[in-house]
Amino acid sequence: MEHRRRGSRRGACRLETFAVEAEAALRACLEGERAADGGAREAKFPCPLAMWELGHCDPKKCTGRKLARKGLLRTLRLRQRFPGVILSPLATEYVSPADRRVIAQSGIAVIDCSWAKLEETPFKRMRGGRLRLLPYLVAANPVNYGRPCKLSCVEAFAAAFCIVGFPDLATILLRKFKWGKAFIDLNKNLLEKYAACHCQDDIVSIEKDFLASVQEKKDEVDPFDIDLEKEFSNPNRPVNSSGLAQSKEDSEEDNMSNPDEATESSESTDESSLEETKIQQEIQIPNNPKES
């Protein structure tokens, strides 16, 4: 029992030390930006960042590669193991404040692949024991701005740091990009709610409540906006396509109307038109010859 208490105290001390290091890194980052010569060295990042890079993305637009050029992360080879938290679509658990200690000690790794090539990505060759999903958030990067969960590498890192309680580290990374602050602005409320959770079950509950509230708002807006449902879903979660299939069948049934019903409807329309014409002829006032 005493051994566990000592271990808990040591862990708390490490987290406190890490938090201090994170604050110091942010100060150094800001001071470096203010340096007149602009040649100040990058502040040492207090935990490891890594990335499996698969070459799917445009090197000029890849946020992970930019972080690597600045010395903030290292690239990993396939089959190379990472001991910290790995943000992966294959995960079954959400990143949460419960991962705070692991991230402080061992860092975060991301998988730099194209959202359009997920089926081609060899996820199983990227090894690690702590796979995590990110909850619903909106992208701010220029490629996928406003799209749910289509985050870039730097946004994924920043989201994880915010959720586990290290927002200073998220700020350091996002300040490397002109649009970086927009990510926090777009997701401020959700990030604060996620960070106030204790475990992944709380994260799931927050996400579920948010998506439910969005669904209610969706019911109040244009019912013909077919893209609205796509904008408020988490593509990391399995999608039940049965509803979509049913709606397609219903649509086909609606389009393939009963021929007898169609004939009756046509005849009814014709009869109605004849009646209207006859009535109009009966009530039509003839021209008065005196006025002509």
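The pair D99-R130 does not meet the salt-bridge criterion, since no charged nitrogen lies less than 4.0 angstrom from a carboxylate oxygen.
Between I206 and C197, the closest side-chain pair of non-hydrogen atoms falls below 4.5 Å. At least one side-chain heavy atom of L190 sits less than 4.5 Å from a side-chain heavy atom of F210. Using a 4.5 Å cut-off on side-chain heavy atoms (C-beta onward), L169 and P46 make contact. Looking only at side-chain heavy atoms (C-beta outward), L87 and L133 stay at 4.5 Å or farther from each other. Proximity of E21 to T17: side-chain heavy atoms (C-beta onward) are separated by under 4.5 Å at one or more points.
Nearest approach of F18 to C47, heavy atoms of both residues: CE1-CB, 3.6 Å. Closest approach of A170 to A158, counting heavy atoms only: CB-O, 3.5 Å. When all heavy atoms of P135 and C149 are compared, the closest pair comes out as O-SG, 4.4 Å. For the residue pair A139 and N144, the shortest heavy atom distance occurs at CB-O, 3.3 Å. Of all heavy-atom pairs spanning C162 and P167, the tightest one is SG-CA, 4.4 Å. Of all heavy-atom pairs between I163 and S96, the closest is CG2-CA, 3.9 Å.
Looking only at distances, a side-chain donor or acceptor of R100 sits under 3.5 Å from a matching main-chain atom of G165. For the pair Q80 (side chain) and R77 (backbone), a donor-acceptor distance under 3.5 Å is present. A side-chain donor-acceptor contact under 3.5 Å links E155 to the backbone of S152. Between the side chain of D112 and the backbone N or O of W52, no donor-acceptor pair lies under 3.5 Å.
Side-chain heavy atoms closer than 4.5 Å link hydrophobic residues (I, L, V, M, F, W, Y) into clusters, and following such links, possibly through other members, connects L67 to L30. Under the 4.5 Å side-chain heavy-atom criterion for ILVMFWY residues, a single connected hydrophobic cluster contains both I111 and L90. Note on V20: it does not cluster hydrophobically with I172, by side-chain heavy-atom contacts below 4.5 Å among ILVMFWY residues. When the side chains of ILVMFWY residues are joined at heavy-atom separations under 4.5 Å, either directly or via intervening members, L151 and V143 end up in two distinct hydrophobic clusters.
With sequence neighbours excluded, the residues forming a salt bridge (charged side-chain N to carboxylate O under 4.0 Å, His left out) with E192 are K188, listed by chain and number. Under the ring pair (Phe, Tyr, Trp, His ring centres under 6.0 Å) criterion, F177 pairs with W179, sequence neighbours left out.
Note on residues 193-205: no pairs pass side-chain hydrogen bond (donor to acceptor under 3.5 Å, both in side chains), not counting sequence neighbours.
Note that CG of L174 is 7.0 Å distant from CZ of F183, once rounded to the nearest 0.5 Å. Between the CG atom in L131 and the CE atom in M126 there is a gap of 11.0 Å [rounded to 0.5 Å].
Aromatic rings of F161 and F45 (six-membered ring for Trp) have centroids within the 6.0 Å cut-off, being under it.
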